[in-house]
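Quick one: structure below, then a few questions.
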Amino acid sequence: MRNGYLYGLFDFPMTRIQDELITSIQSALLNLFQIENADVVLQETKKEFEGTFTFVVFPFTKQAGMAPPQIAQKIGEYVLENLHGISKFQVVQGFLNFSLADIIWAEALISLQNDPKPYHLASKNEKILIEYSSPNTNKPLHLGHLRNNFLGFSVAQILQAGGYEVIKTNLVNDRGIHICKSMLAYQKMGQGETPSTSGIKGDHLVGKYYVAFDKAYKAEMEVLIAQGVDPEKAKSQAPIMMEAQAMLLAWEQGDAEVIRLWEMMNEWVLSGFEKSYAQMGVRFDKIYRESNTYLLGKKIVDEGLQSGTFFKKEDQSVWINLEAEGLDEKLVLRKDGTSVYITQDMGTAQLKFEDFGAKKSVYVVGNEQDYHFEVLFHILKKLQKPYSFGNYHLSYGMVDLPSGKMKSREGTVVDADDLMAEMVQTARERTTELGKIEGFSAAELDALFNQLGLGALKYFLLKVDPKKRMLFNPLESIDFQGNTGPFVQYTHARICSMIRKAKEQAIDFQLENMNETELIASEQELIYLLGMYKARIEEAAAQYSPAVITQYAYDVAKQFNKLYNEVSILNEENAIKRNIRLTLADLTGKTIREAFELLGIQSPERM
RNA sequence: GGUUCCGUAGCUCAGUUGGAUAGAGCAACUGCCUUCUAAGCAGUAGGUCUUUGGUUCGAAUCCAAACGGAAUCACCA
């Protein structure tokens, strides 16, 4: 049960009444029961009871020396008499429920409408850098990457709305042994095919050879094992693996032919990724490439060696001892002098700081790398880097299939491009079936199907708490009804339609003389929710969680639809009531649009 | 085996400093389109919150143990 504390809006009437209510209850406890400095916390009143704020009196029974309902009754009477904004109270066991006076609701609505900066928190005057996506250039993107990209983009949007200056970065892992694997397989089996000769999107073409390498590698291992070689040794002794390692060394030494192959294949992959990113709707301020940062990483290793933070073993490999931190020894440079994953991360961290000077840095990377980031952050601290204290690993859960984890090498993945295309196609079918698309041009229809399909997909992936692993069943299509993106989009379109009609009828829905107007519960609840917007942004930013926003957007849409079905809005005969409702509808539509903006989801005006 | 995380309705998920009869959506069933978009609304049914102990006026929530699952402990990234 949340405590229901609204904030964010300066002088928001509901925030004020909430504070006043707390003070009044404290005063009641003092005057009636001689309880000093009571820690009074209010909660939202549960839906099935009348009221807005609830005070739980159980904790005070001993001190008050009275049964809970009697305490509640006495406090209720005291507050009712002393606080104008409270219109009534009800006691249910030890729960004291307060209802707010109509004037408070009226003031709250007016305040919402007049807020000059309704959808952003005050600037925190702080830069925060967020790294997400971070693909490997040896295979196409899959469903796991979609979660990463949507999450990273959304968290960036949320932090921005939360008052930070946000820099979005992408670290492309474009070098390393895994890249050499697809290069080598292509060299052996590619027969010169290219994206244009094969008609295969570049990233998919390269991915094909990554899978081919793994297949050949496994075959060779089997042969070795059949010859009696120890399976562990077979892993490193398979000829094709040794060739890949040789290729990596050649790459680091600048071998012209290897570099040329690498550049060509990376180009294929990256142009493929660009198309995928465009379809996802994600953007970056700066793209880093591991091939440009690993040397800086090596330099940092040298520095660390000199300062004694790192040490060298007999075989020339370089390590750090993190046993004092509760971890173990960790390799930072191979014996052959080539860099490992964490080497380049040190370089990238340094480069980012030089480029932007942000003290805070968020890494959106799956929870399978928890240990890696723990190590990295410890290393940066031991190196006494100025950017070593604001690091946060946004560790999100894997997307699992019913059969278990997705594995690129084994081909058990849901491809990102395919899935997005399927979602758009499903949107097309659903929308066509419903037949509400008269007057749309072909281009408008395509845009709509994209917005709906991607909206459904993004919402589906973002509504789950990022930290938790989630399940995707390819056999069950993602819903367009219920707690989904299209449901919220639909509510938005419905509101837009109504506002359009109001304008056509030249209705100017100004709020005047509404002070004595009694609002029904559904209207009050909607005002309450709209007043929570900034609090939710703050919460989502603090938790790095778009799920907070999806839940909020759903609550708002749900509440509006409830109101929509209960009363007439545009057709309400009482002009004051009609204007109140149109104002509410208008604010609801804008709030949904803004909230969805934070999720990277577009809100169509018609659908 | 060590470390970390998780176990809530048939399925997918909410449930933030402990509070009322544990909530949504999907799937099932019942109603509601001569009025503002039915991708909607209202309702029925569905639960030993994995189990057992403990703390407390009160536990899905905190503590301990057991059981079940996942990740990680690479000179892969």
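Lettering of chains follows the sequences in order, A, B, ..., and the numbering in each one begins at 1.
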**Request:** Round to the nearest Å and state the distance from A/I537 atom CD1 to B/rU16 atom P.
**Result:** 20 Å
**Message:** I'd like to know if A/E329 pairs up with A/K313 as an ion pair, taking the criterion as any Lys NZ or Arg NE/NH1/NH2 lying under 4.0 Å from an Asp or Glu carboxylate oxygen.
**Reply:**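 Judged by the 4.0 Å cut-off on N to carboxylate O distance, A/E329 and A/K313 do form a salt bridge.
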**Request:** Select from A/I177 and A/T431 the residue whose nearest nucleotide in RNA chain B is closer to the 5' end of that strand.
**Result:** A/T431
**Prompt:** The side chain of A/E290 lies closest to which of these nucleotides: B/rA20, B/rA77, B/rA14?
**Reply:**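 For the A/E290 side chain, the nearest candidate turns out to be B/rA77.
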**Request:** Go through the steps to decide whether A/E50 and A/S99 satisfy the test side chain to side chain contact (heavy atoms under 4.5 Å, CB included), and finish with yes or no.
**Result:** CA-CA 7 Å; A/E50 194 180 348; A/S99 299; 4.2 Å; yes
**Asked** Centroid-to-centroid, A/Y392 to A/F377, below 6.0 Å?
**Response** no
**Request:** Select base, sugar-phosphate, or nothing to describe what A/L434 touches, counting heavy atoms under 4.0 Å on all strands.
**Result:**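 Base contact - A/L434 has a heavy atom under 4.0 Å of at least one base atom.
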**Prompt:** Which nucleotide in the list B/rC13, B/rA20, B/rC11 gets nearest to the side chain of A/V464?
**Reply:** B/rC13
**Prompt:** Would you call A/R536 and A/E539 a salt bridge, using N to O less than 4.0 angstrom?
**Reply:** yes
**Asked** Any side-chain N or O of A/K468 under 4.0 Å from OP1/OP2 of B/rA14?
**Response**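 Answer is yes, contact under 4.0 Å.
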**Message:** Within the 4.0 Å heavy-atom criterion, would you say A/V567 contacts the bases, only the backbone, or no part of the nucleic acid?
**Reply:** base
**Request:** Hey, could you give me the CD1/CD distance between A/I569 and A/E566, rounded to the nearest 0.5 Å?
**Result:**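 Result: 10.0 Å between the selected atoms.
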**Request:** Please work out which of the three classes, parallel, tilted or perpendicular, describes the rings of A/F95 and A/F58, given edges at 30° and 60°.
**Result:** perpendicular
**Asked** A/D465 CG to B/rC6 C1': how many Å, rounded?
**Response** 12 Å
Could you run down the sub-3.5 Å N/O contacts of the protein with nucleotides 22-25 of chain B?
{"unit_1": "B/rA24", "atom_1": "O2'", "unit_2": "A/Y554", "atom_2": "OH", "d": "3.1"}
{"unit_1": "B/rG25", "atom_1": "OP1", "unit_2": "A/K558", "atom_2": "NZ", "d": "3.2"}
{"unit_1": "B/rG25", "atom_1": "O2'", "unit_2": "A/N483", "atom_2": "N", "d": "3.4"}

**Item:** A/Y294: which of A/Y288, A/Y341, A/W251 passes ring pair (Phe, Tyr, Trp, His ring centres under 6.0 Å)
**Value:** A/W251
**Request:** For A/H378 and A/K330, run side chain to side chain contact (heavy atoms under 4.5 Å, CB included): C-alpha distance rounded to whole Å, both residues' side-chain angles, the deciding distance at 0.1 Å, then the answer.
**Result:** CA-CA 11 Å; A/H378 275 305; A/K330 199 72 192 163; over 6 Å; no
**Request:** Run the numbers on A/T484 and A/D479 for side chain to side chain donor-acceptor pair (under 3.5 Å), then give the verdict.
**Result:** CA-CA 7 Å; A/T484 66; A/D479 281 318; over 6 Å; no
**A/R469 and A/N367: CA distance, side-chain angles, deciding distance, side chain to side chain donor-acceptor pair (under 3.5 Å) verdict** = CA-CA 9 Å; A/R469 62 177 275 274; A/N367 63 11; over 6 Å; no
**Asked** Should the pair A/E525-A/K562 be classified as a salt bridge under the 4.0 Å nitrogen-to-oxygen rule?
**Response**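 The answer is no: the pair does not qualify as a salt bridge.
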**Request:** Go through the steps for A/N173 and A/E290 under the test side chain to side chain donor-acceptor pair (under 3.5 Å), then give the verdict.
**Result:** CA-CA 5 Å; A/N173 295 108; A/E290 191 184 324; 2.8 Å; yes
**Given RNA chain B, 5'-ward residue of the pair A/N561 and A/M470, judged by closest heavy atom** =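 Its nearest nucleotide lies further toward 5', so the answer is A/M470.
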**Prompt:** Hey, would you say the A/F487 and A/Y554 ring centroids sit under 6.0 Å apart?
**Reply:** yes
**Prompt:** Any side-chain N or O of A/R494 less than 4.0 Å from the OP1 or OP2 oxygen of B/rA38?
**Reply:**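 Indeed, a polar side-chain atom of A/R494 lies that close.
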**Prompt:** With a non-hydrogen cut-off below 4.0 angstrom, is A/F487 in contact with a base, only sugar-phosphate, or nothing?
**Reply:**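 Sugar-phosphate only.
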**Request:** Using a 4.0 Å heavy-atom cut-off across all strands, classify A/N97 as base, sugar-phosphate, or nothing.
**Result:** base
Between the protein and nucleotides 30-35 of chain B, are there any N/O to N/O pairs under 3.5 Å, and if so, what are the atom names and distances?
{"unit_1": "B/rU35", "atom_1": "O2'", "unit_2": "A/N571", "atom_2": "ND2", "d": "2.9"}

**Message:** Taking donor-acceptor contacts at under 3.5 Å, does the side chain of A/T491 reach the base of B/rA39?
**Reply:**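 Checked by distance alone, the answer is no.
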**Asked** Can you list the residues that meet the salt bridge (charged side-chain N to carboxylate O under 4.0 Å, His left out) rule with A/K233, with sequence neighbours excluded?
**Response**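 Salt bridge (charged side-chain N to carboxylate O under 4.0 Å, His left out) list for A/K233, sorted by chain: empty.
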**Message:** Does A/I569 reach a base, just sugar-phosphate, or nothing at all? Heavy atoms under 4.0 Å.
**Reply:**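 Base contact - A/I569 has a heavy atom under 4.0 Å of at least one base atom.
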**Message:** Reading 5' to 3' and counting Watson-Crick or G-U wobble pairs with both distances under 3.5 Å, write the dot-bracket notation for RNA chain B, | for bases paired outside the strand.
**Reply:** (((((((..((((.....[...)))).(((((.......))))).....(((((..]....))))))))))))....
**Item:** Chi class for B/rC33: syn within 90° of 0, otherwise anti
**Value:** syn
**Request:** Whole angstrom is fine here: how far is it from NZ in A/K467 over to C1' in B/rC13?
**Result:**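 Rounded to whole Å, this separation is 16 Å.
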**Request:** Among B/rC36, B/rA20, B/rG19, find the nucleotide with the atom closest to the side chain of A/M498.
**Result:**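 Closest nucleotide to the A/M498 side chain: B/rC36.
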**Request:** Measure from the side chain of A/K562, starting at C-beta and using heavy atoms only, and say which of B/rA42, B/rA14, B/rA39 lies closest.
**Result:** B/rA42
**Test side chain to side chain contact (heavy atoms under 4.5 Å, CB included) applied to A/K298 and A/M346, step by step** = CA-CA 9 Å; A/K298 283 183 164 187; A/M346 288 186 253; over 6 Å; no
**Prompt:** Starting at CZ of A/R536 and ending at C1' of B/rA14, how long is that distance when rounded to a whole Å?
**Reply:**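 One finds 11 Å between C1' of B/rA14 and CZ of A/R536, rounded.
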**Asked** So what does A/Y564 touch, heavy atoms closer than 4.0 Å: a base, only the sugar-phosphate, or nothing?
**Response** base
Any protein N or O atoms within reach of nucleotides 54-57 of chain B? Criterion: under 3.5 Å, listing atom names and distances.
{"unit_1": "B/rC57", "atom_1": "OP1", "unit_2": "A/K62", "atom_2": "NZ", "d": "3.4"}

**Prompt:** What's the verdict on ring pair (Phe, Tyr, Trp, His ring centres under 6.0 Å) for A/F60 and A/F33, showing C-alpha distance, side-chain angles and the deciding distance?
**Reply:** CA-CA 9 Å; A/F60 301 96; A/F33 307 108; 9.0 Å; no
**Prompt:** At under 4.0 Å between heavy atoms, what does A/K436 touch on the DNA or RNA strands: base, sugar-phosphate, or nothing?
**Reply:**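 The answer is base, as A/K436 lies within the cut-off (heavy atoms under 4.0 Å) of a base atom.
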**Request:** Look at all strands and tell whether A/S395 reaches a base, only sugar-phosphate, or nothing, counting heavy atoms closer than 4.0 Å.
**Result:** nothing
**Message:** Centroid distance below 5.5 Å plus an interplanar angle below 30 degrees: do A/F95 and B/rA20 meet both conditions?
**Reply:**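 Answer is yes, a stack.
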**Message:** Pair A/I342, A/L331 - check side chain to side chain contact (heavy atoms under 4.5 Å, CB included), show working.
**Reply:** CA-CA 9 Å; A/I342 206 154; A/L331 178 98; over 6 Å; no
**Prompt:** Side chain of A/L471: nearest nucleotide among B/rU12, B/rC36, B/rU21?
**Reply:**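 Selected nucleotide (nearest to the side chain): B/rU12.
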**Asked** Considering only the C1' atoms, how many Å lie between B/rG19 and B/rA59, rounded to the nearest integer?
**Response** 10 Å
**Message:** Classify the ring geometry of A/F472 against A/F460: parallel below 30°, tilted from 30° to 60°, perpendicular beyond 60°.
**Reply:**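 Correct class here is perpendicular.
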Just the table, please: protein N/O against nucleotides 72-75 of chain B N/O, every pair under 3.5 Å.
{"unit_1": "B/rC75", "atom_1": "O3'", "unit_2": "A/R334", "atom_2": "NE", "d": "3.3"}
{"unit_1": "B/rC75", "atom_1": "O2", "unit_2": "A/K335", "atom_2": "N", "d": "3.3"}
{"unit_1": "B/rC75", "atom_1": "N4", "unit_2": "A/D315", "atom_2": "OD2", "d": "2.2"}
{"unit_1": "B/rC75", "atom_1": "N4", "unit_2": "A/S317", "atom_2": "OG", "d": "3.4"}

**Request:** Tell me what A/D400 touches on the nucleic acid: a base, only sugar-phosphate, or nothing, going by heavy atoms under 4.0 Å.
**Result:**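 It contacts nothing in the nucleic acid.
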**Prompt:** Are any of the side-chain nitrogens in A/E368 or A/K405 under 4.0 Å away from the carboxylate oxygens of its partner?
**Reply:** yes
